[in-house]
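We count ligands from 1, going down the list as the structure has it; atoms in each ligand are counted the same way. Here the structure is a predicted model, which is why all the values come from computation and not from measurement.
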Amino acid sequence: EVRKLQQLKHARTETLDRVDIELFANIELPEDAIQALKLGAVGVGLFRSEFLFMDRNQALPDEDQQYQEYRRVVDLMHGLPVNIRTIDVGADKALGAGVDVSQTGTSPLGLRAIRWSLTEPEIFLTQLRAILRASAHGQARIMIPMLAHAKEIDETFRLIEKAKQQLHQRGQAFNPNIQVGAMIEIPAAALVLPLFINRFDFLSIGTNDLIQYTLAIDRADHAVAHLYDPLHPAILNLLANIIDQAKRANIPIAVCGEMAGDPALTKLLLALGLTDFSMHFSQLLLVKREILKANVGMLKARIPRVLKAYEPEAQAKALERLFS
Ligand code: PEP
Ligand code: MG
């Protein structure tokens with residue numbers, strides 16, 4: 001059984017009805033890219049860069065140190081895309097004790113991710129320069145977490161331009177056309193998706209946070225964990241809507257939250273029209289096995305009933321039919 005799964009590494013990732021699917025890896029450490037590539041990932045869909053910043057007793061890594069780490073991933077991936085998500089600290093992810101910067105929020109509704117980066121422009125610019133320098137060696141791309149406001153998008157692009165200018169003045173190489181993507185993980189962003197479609201090169205749905213904020217369930221609070229439900233009809237309808245709008249606009253759309261790596265949900269995501277999945281590398285072959293067994297045309301024909309099933313019993317029936 002394990003050997004059979006291993007053989008899938010070399011199989012083309014397509015459904016029974018020949019729909020090509022792209023599987024990307026989520027990584028936390030640069031060396032995770034080695035496993036990702038071995039398991040057949042076609043890129044890094046999410047490099048959680050904050051792991052370079054957390055659990056440190058010393059100062060934050062400087063530009064050169066960050067550049068080395070990003071460059072390592074880019075080199076390991078041999079020209080495949082690498083989405084480097086800018087630092088996502090705050091809420092459940094704390095900075096190391098030795099870091100002397102303004103407090104990050106401890107609430108999931110507080111100062112975290114891009115909100116924090118925009119209050120610490122020097123730290124943000126340092127990271128942007130490091131990513132830009134890595135882009136001279138391969139397909140490093142910038143991915144921004146937790147955006148919701150047009151003003152945040154403006155400010156983010158202003159700082160990206162500034163980082164480019166700084167490198168230009170120093171005479172350092174970077175890809176001036178580096179791709180910039182946004183995570184869709186706040187319901188407000190999903191509700192104004194055309195704003196994001198117009199301004200970014202690619203989108204990635206962070207279902208972990210999108211579920212947290214849509215259902216008003218703190219991801220880290222065990223007392224409400226039983227209400228954290230990826231199958232809530234509101235979540236399924238929201239996902240269907242985001243994927244549909246992005247596909248119509250021809251902008252690449254992926255899911256990089258835990259849902260994408262759950263083989264029990266693969267057919268459901270295919271039915272919603274998803275073609276780009278990003279997951280922890282340990283899940284790649286399990287999800288691939290589901291994809292090889294799926295018929296997207298048939299799944300899509302059965303999804304409207306799932307989306308209209310608001311009662312658990314009706315939903316269970318509709319899902320059973322979908323998976324049969
Ligand atoms: C998400 O929110 O789904 C996501 C991928 O990001 P993180 O889990 O790091 O917040
Ligand atoms: Mg998130």
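In the vicinity of Gly206, heavy-atom distances shorter than 4.0 Å reach the ligand 1 atoms 1 (C), 2 (O), 3 (O). Residue contact check: Gly257 has heavy atoms under 4.0 Å from atoms 3 (O), 5 (C) of ligand 1. Remark: ligand 1 atoms within the under-4.0 Å shell around heavy atoms of Leu46 are 5 (C). Each of the atoms 5 (C) of ligand 1 lies under 4.0 Å from some heavy atom of Cys256.
The name of the N, O or S atom in Asp209 nearest to the Mg ion (ligand 2) is OD2.
Using 4.0 Å as the threshold, Gln212 has no heavy atom nearer than that to any atom of ligand 1.
Open room surrounds NZ on Lys308; 12 or fewer heavy atoms of other groups in view lie less than 6.0 Å from it.
With no hydrogens or angles considered, a side-chain donor-acceptor pair links Gln212 and Asp209 at under 3.5 Å. Between the side chains of Gln65 and Tyr70, no donor-acceptor pair is found at a separation under 3.5 Å.
Only side-chain heavy atoms of Asp88 come within less than 4.0 Å of ligand 1; its backbone N, CA, C and O stay farther off. Contacts between Arg219 and ligand 1, counted as non-hydrogen atom pairs separated by less than 4.0 Å, involve the side chain only.
For atom 1 (C) of ligand 1, the nearest non-hydrogen atom from the set Asn26, Asn208, Leu210, Ile186 comes from Asn208.
Aromatic pair Phe157/Phe200: centroids less than 6.0 angstrom apart.
Residue side and main chain included, Glu185 places an N/O/S atom under 2.8 Å of the Mg ion (ligand 2).
Considering both main-chain and side-chain atoms, Glu50 never comes within under 3.5 Å of ligand 1 through any nitrogen or oxygen pair. Between Glu258 and ligand 1, no pair of N/O atoms sits closer than 3.5 Å.
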As a quick check of understanding, evaluate salt bridge (charged side-chain N to carboxylate O under 4.0 Å, His left out) for Arg72 and Glu69, giving each step before the final call. CA-CA 5 Å; Arg72 208 152 125 232; Glu69 305 277 8; 3.6 Å; yes
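The existence of a salt bridge linking Lys164 and Glu161 is confirmed by a sub-4.0 Å separation between a basic side-chain nitrogen and an acidic carboxylate oxygen. Under a 4.0 Å N-O distance rule, the pair Arg170/Glu63 qualifies as a salt bridge.
Arg133 forms a cation-pi arrangement with Tyr67, by the criterion of a distance under 6.0 Å to the ring centre and an angle within 45° of the ring axis.
At least one side-chain heavy atom of Arg12 sits under 4.5 Å from a side-chain heavy atom of Asp20.
Regarding atom 6 (O) of ligand 1, its nearest protein heavy-atom neighbour is Arg85 NH1, 3.0 Å.
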